[in-house]
Amino acid sequence: MPPTEREQVRALLAWFRRAARPLPWRPRTLDAPRDPYLVLVSEVMLQQTQAARVAERLPAFLARFPDLASLAAATEHDALALWSGLGYYRRARNLHAAAREIASRHRATIPPDPATLATLPGIGDYTAAAVASLAHRVPAPAVDGNVARVVIRLNGLDLAAASPLARAAARERIAGWMAALPRTAHPGLVNEALIELGATVCTPRAPRCHACPLRTSCTAARTATQHDLPRPAAPAARTPLYCDALLALDRRGRLLVEPRPARGLWAALWQAPTREHNARRATARSLRAWLALDLPLTRADRFTHATTHRAAEFTVWNAGTLGAPEARALANARPGSQWLTRTAAARLPLSTPQRRILLESRS
DNA sequence: AAGCCGGGGAA
DNA sequence: TTCCCAGGCTT
């Protein structure tokens, strides 16, 4: 006799109560009511980001923005600064916009309805279901990459994890489990337990099937195909990007920084004045021509930085300490640029490579 | 449906 | 090196 849905979900939740990792956004008593704002912020920060990294960065974000009102009252710039180094910076801008929308249009209450949640910027199907189920006990299936992988193996589906068919199969599975739950049970825990299972047991490589509460129901485990599923996705192409950054100081030891465009890579973040080219490095001469300034430039550093779609190579050019006329001319050549102390620059929203250039270079 | 958007840890 | 992570938005 294969396990019934009721038996499967009981085994899953029993395993979760035993094996749940202590995480900053997770209450000690799993059934305890959760602060919807904490659920919202943690779920957005967890998008495409591993739990260990969020555990490092969430406390500082919450210390600065302890509730919805404080985030809604903050500037986008400040929200972005607390996101520095976390990547996918649109998440921070969307979260800030969502907080403002909730404050102004939803009486400062995180909506309980997944469809309403999904109208907020940066909240898609997964996050809407996660917030509704964990914060408001709404039985909405939340399917992330972990859960898709678990169900693909459970059902023995020869699909990629991102496949819409796999996502639909997972939603159906979870809906069945939630319906089989006792009235008083917490449906959000089904979502959380499946995510935990995917993150710690049903891992992409070397799954630990012997420790899995669903192994007796799993097609992949029975046919020994857990290593072949999900089907691997096509690798993304990575195009080169050459970045030549200018490290300049004025006589007071301040650094010149400029804002990036509001769209595209590292959108709305700040940087040392940087020239980007997709085909070749700059030379000292070409940089002088680009700035229309005759500055003495020496090459100070060179390093690579990979993102999902780019292989960036940064060259750092040291312009040394500039006199007042040169400092004025350089700032005028870079729209929106400002001379800031090292301390002030450290508080800006910066990408990881620009943080290295501005704050770790010898200057 | 496919491309774009970061960064880091693990193997 | 490659892979993938508590995804979402745009085209």
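By convention in this document, chain letters (A, B, ...) are assigned in the order of the sequence lines, proteins followed by strands, and residues within each chain are numbered from 1.
- Taking the centre of each ring, A:Tyr88 and A:Trp83 stay at or above the 6.0 Å mark.
- In this model, the phosphate group of B:dG6 is not approached by any side-chain N or O of A:Trp83 to a distance below 4.0 Å at OP1 or OP2.
- Only the C1' atoms considered, C:dC4 is 15 Å distant from B:dC5, to the nearest whole Å.
- Taking atom C1' in both B:dG3 and C:dA6, one finds a spacing of 23 Å when rounded to whole Å.
- Each of A:Arg260, A:Gln271, A:Gln354 was evaluated against A:Trp266; a single residue qualifies, A:Arg260, per the side chain to side chain contact (heavy atoms under 4.5 Å, CB included) test.
- Checking the phosphate oxygens (OP1, OP2) of B:dC4, no side-chain nitrogen or oxygen of A:Arg263 falls inside 4.0 Å.
- Distances shown here put a side-chain N or O of A:His309 below 4.0 Å from the OP1 or OP2 atom of B:dC4.
- In the model, A:Ser133 has a side-chain atom that pairs as donor or acceptor with a side-chain atom of A:Asn191 under 3.5 Å.
- Within the cation-pi definition used here (under 6.0 Å to the ring centroid, within 45° of the axis), A:Arg280 does not qualify as a partner of A:Tyr242.
- Across the protein-nucleic acid pair, A:Glu192 atom CD and C:dA6 atom C1' stand 9 Å apart, rounded to whole Å.
- As judged by a 4.0 angstrom heavy-atom cut-off over every strand, A:Pro232 is placed among residues making no nucleic acid contact.
- Atom CG in A:Asp125 sits about 7 Å away from atom P in C:dG8, given to the nearest Å.
- Going from atom CZ of A:Arg310 over to atom P of B:dC4 covers 7 Å, rounded to whole Å.
- In terms of position on DNA chain B, the residue among A:Arg53 and A:Ala267 whose nearest nucleotide sits closer to the 5' end is A:Ala267.
- In terms of phosphate contacts, A:Thr352 brings a side-chain nitrogen or oxygen within less than 4.0 Å of OP1 or OP2 of B:dG7.
- The closest side-chain donor-acceptor pair between A:Tyr126 and A:Glu43 falls under 3.5 angstrom.
- Applying the 4.0 Å criterion to OP1 and OP2 of B:dG7, one finds that A:Thr49 has every side-chain N and O outside that range.
- Among the atoms of the strands shown, only primed sugar atoms or phosphate atoms (P, OP1, OP2) are found under 4.0 Å from some heavy atom of A:Ile123.
- Between A:Gln47 and A:Pro164, it is A:Pro164 whose nearest contact on DNA chain B lies nearer the 5' terminus.
- Regarding contacts with the backbone of C:dC5, every side-chain N or O of A:Gln50 stays at 4.0 angstrom or more from both OP1 and OP2.
- Contact check, A:His305 against B:dG7: a side-chain N or O comes under 4.0 Å of OP1 or OP2.
- Contact annotation for A:Thr127: backbone-only contact, meaning every heavy-atom pair under 4.0 Å involves sugar-phosphate atoms and none involves a base.
- Using a 4.0 Å heavy-atom cutoff across all strands shown, A:Gly85 reaches sugar-phosphate atoms only and no base atom.
- One finds a side-chain N or O of A:Tyr89 lying less than 4.0 angstrom from the OP1 or OP2 phosphate oxygen of B:dG7.
- The CG atom of A:Leu241 sits 13 Å away from the P atom of B:dC4 (whole-angstrom rounding).
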